[in-house]
Each structure stands twice: as C-alpha cells, then as structure tokens.
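Let me begin by presenting the structure, written as structure tokens, before commenting on it.
Remember, it's a predicted structure, so these values are computed and weren't measured experimentally.
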Amino acid sequence: MQAETPGPEDIPEQEQVQEAELEKLAARTRRSLINRLKDWEDRRSWDEFYRTYWRLIYSIALKAGLRHDEAWDVVQETVLTIAKQSKKEAYDPARGSFKMWLWNITRWRINDQFRRRKKDTAPAGDPNGEDPRHALENYPGNAGEEFEAVWEREWQKNVIKAAVERVKQKVTPKQFQIFECNVLRGMDAGEVRRKLGVSMAQVYLAKFRVGAVFRKEVEYIRSREGQM
C-alpha cells in the first residue's frame with residue numbers, strides 16, 4: 001500500500017505536560033537499552049533506531065490493550081530482539097519489507113506481555129475490565145484490512161514525529177518555536193507574530209527554512225527504512 005508523503009500539518013496538537021513526561025520515560029528507556037547493547041558494534045546506529053521507532057512500537061502496544069508499563073517493556077524487548085536478529089542477519093529484504101518485519105517482531109513481544117498477564121496470579125487484567133485475550137484477538141493484524149490501515153497510519157505518524165525530533169536538533173529554539181506555532185499548530189502568521197513577539201519576516205523565514213529541513217528529515221528516515 002503506497003501512502004502519501006505526510007506533511008507537518010498532519011501532526012495533531014499534543015497535550016504538553018503529558019508529552020514532556022513521555023519524552024522523559026523514552027530518554028530513560030533509551031539509556032538503559034543502549035547500555036545493554038554496549039558490547040555490540042555501532043551503538044550510534046542503534047541509538048538512532050530507537051529514537052526513530054520507539055513511539056511507533058509504544059503506540060501500537062497501547063492500541064493492543066496493554067498498560068503503559070507493559071508497552072514500555074514491549075519497546076525494550078522489541079529493540080533487543082531486532083538487535084539480536086540483525087546481528088545474525090535474520091532480516092532479509094528479499095523476503096519482505098522492513099515495515100512488516102518490524103510489525104511481526106512487535107506483535108510477538110505484545111503476545112508475550114499478554115501471556116505474562118495470564119501467568120500472573122494477581123488480578124491484573126485490562127484497565128477497562130476486559131479479558132486481555134479479547135483485546136489481543138481484536139488487535140489489528142488478525143483481520144487483514146484493519147491491520148493494514150492501523151499499522152500504516154501509525155507508521156506514517158511516526159515518520160512525522162521522528163522527523164520533528166530530528167529537526168529540533170538542527171535549528172535554533174526560536175526558529176523551531178515559530179515553525180511549531182505556524183505550521184504544526186496551524187496558527188496564522190499574524191497570530192504567531194503577536195504571540196512570540198517576532199516580525200512577519202521571521203515567521204515566513206522560519207516556515208521556509210525549517211520546513212525545508214523537515215522535508216529533508218522525512219526523506220532521510222524513509223531512506224533508512226530496512227537498513228538494519
């Protein structure tokens with residue numbers, strides 16, 4: 001299925017406090033994972049892999065019906081599994097796309113979490129009181145079209161978010177703030193000018209320059225797909 005190239009205008013506005021907490025958890029998980037991979041070659045590439053795909057794995061795990069702590073376990077175990085399999089050259093591009101390979105490994109680790117729930121003698125269960133097996137049975141992937149739509153949508157959203165994170169590291173905080181308000185949040189140029197105390201020229205310049213960086217980062221992320 002060929003998807004259209006996402007644009008920054010497709011990013012929904014996020015609740016800032018919740019997002020900040022999520023970033024802190026991601027950073028801690030990242031440090032833990034990289035330390036566990038310390039004896040392997042090219043830690044820098046694995047660091048980049050984690051930064052690019054943790055949101056996708058975490059989001060899919062939540063959508064499967066897992067709790068937040070379980071979703072973080074899925075993130076760590078999925079990355080470690082992929083690292084180990086890649087060392088053995090388990091991924092063969094000739095046998096399918098990297099996207100589907102990543103989905104399969106993520107799904108296996110999600111299944112592991114549900115199996116652990118069943119072994120737990122304490123009443124864990126689903127937060128909504130549902131049988132976790134029911135949530136798993138209804139997870140995208142067991143019904144072809146549904147899985148394809150949900151996984152593709154989450155994949156494209158993740159490309160955008162990962163690109164935004166990379167952009168933050170390559171432009172000034174002020175430029176990104178202007179771009180975020182004007183493009184990501186959809187505020188008009190006049191409103192951005194008044195809110196941030198900048199000139200109209202600064203607004204348009206940031207939109208043009210940061211937008212160009214954003215598009216380049218999207219292209220870079222897509223060019224790296226399947227190069228593990």
Side-chain angles (χ1 to χ4, degrees), residues 1-12 14 22 26 29-30 33-34 37 40-66 70-114 135-167 214-228:
M1 179 172 63
Q2 183 65 37
E4 294 181 359
T5 301
E9 67 276 5
D10 297 317
I11 303 176
Q14 303 251 345
L22 192 59
T29 303
R30 169 182 156 269
L33 274 174
I34 296 303
L37 300 174
W40 294 2
E41 298 176 358
D42 208 357
R43 289 176 59 195
R44 190 171 181 178
S45 291
W46 282 109
D47 186 33
E48 182 175 351
F49 177 88
Y50 176 81
R51 291 176 184 272
T52 301
Y53 294 108
W54 74 263
R55 283 181 181 274
L56 173 64
I57 299 167
Y58 177 76
S59 175
I60 288 293
L62 288 181
K63 288 182 182 297
L66 293 177
E70 294 170 325
W72 281 114
D73 285 343
V74 170
V75 171
Q76 296 185 71
E77 292 169 11
T78 298
V79 173
L80 288 170
T81 299
I82 289 174
K84 293 173 182 177
Q85 291 201 7
S86 293
K87 292 294 287 184
K88 300 175 183 177
E89 299 183 348
Y91 168 58
D92 181 3
R95 299 176 61 184
S97 70
F98 172 77
K99 185 187 300 184
M100 293 304 300
W101 185 65
L102 177 57
W103 156 248
N104 284 328
I105 295 176
T106 303
R107 181 176 58 185
W108 296 335
R109 301 293 76 83
I110 289 171
N111 287 338
D112 288 346
Q113 289 297 319
F114 281 116
L136 183 59
E137 288 167 0
N138 284 278
Y139 188 66
N142 293 329
E145 291 185 358
E146 182 185 2
F147 154 69
E148 188 172 306
V150 174
W151 179 248
E152 182 66 28
R153 183 168 63 250
E154 291 302 312
W155 184 276
Q156 297 302 330
K157 284 167 59 178
N158 186 73
V159 169
I160 296 171
K161 290 177 180 178
V164 167
E165 291 305 310
R166 290 178 62 84
V167 167
F214 172 83
R215 288 188 291 275
K216 185 176 293 185
E217 292 304 326
V218 168
E219 292 174 2
Y220 172 78
I221 291 170
R222 286 184 163 169
S223 72
R224 296 281 295 172
E225 290 173 5
Q227 292 185 17
M228 298 310 300

(message) For the backbone of Glu154 and the side chain of Asn158, can you confirm whether one donor and one acceptor N or O come within less than 3.5 Å of each other?
(response)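 Here the side-chain-to-backbone pair does not exist.
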(message) With a 3.5 Å distance limit and no angle check, can you tell me whether Ser59 reaches the backbone of Arg55 through a side-chain donor-acceptor pair?
(response)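 No, the answer is negative, given that no donor and acceptor are paired below the 3.5 Å cut-off.
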From [X] atom [atom1] to [Y] atom [atom2], the distance as rounded to the nearest 0.5 Å:
X	Y	atom1	atom2	result
Thr106	Trp101	OG1	CH2	10.0 Å
Gln76	Arg109	CD	CZ	13.0 Å
Glu77	Glu70	CD	CD	10.5 Å
Thr78	Asn104	OG1	CG	11.5 Å
Tyr53	Lys161	OH	NZ	15.0 Å
Leu80	Ile105	CG	CD1	11.5 Å

Of all the heavy-atom pairs spanning [X] and [Y], show the shortest one and how long it is.
X	Y	answer
Ala61	Ile110	CA-CD1, 3.9 Å
Gly65	Phe114	C-CZ, 4.3 Å
Leu62	Ala71	CD2-CB, 3.9 Å

(request) Could you walk me through whether Asp73 and Leu66 pass the side chain to side chain contact (heavy atoms under 4.5 Å, CB included) test, one step at a time? (result) CA-CA 10 Å; Asp73 285 343; Leu66 293 177; over 6 Å; no
(request) Check whether any side-chain heavy atom of Glu165 lies under 4.5 Å from a side-chain heavy atom of Glu217, and answer yes or no. (result)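 Contact flag for Glu165/Glu217 side chains = no.
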(request) Taking the side chain as every heavy atom from C-beta outward, state whether Leu102 and Trp155 have any atom pair closer than 4.5 Å. (result)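 Side chain of Leu102 against side chain of Trp155, heavy atoms only: contact under 4.5 Å found.
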(message) Could you check whether Arg222 pairs with Glu219 (Lys NZ or Arg NE/NH1/NH2 to Asp/Glu carboxylate O, under 4.0 Å)?
(response)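 Here Arg222 does not pair with Glu219 in a salt bridge, since their nearest N and O are not under 4.0 Å apart.
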(request) Let me see the working for Val74 and Tyr58 under side chain to side chain contact (heavy atoms under 4.5 Å, CB included), right down to the final yes or no. (result) CA-CA 7 Å; Val74 170; Tyr58 177 76; over 6 Å; no
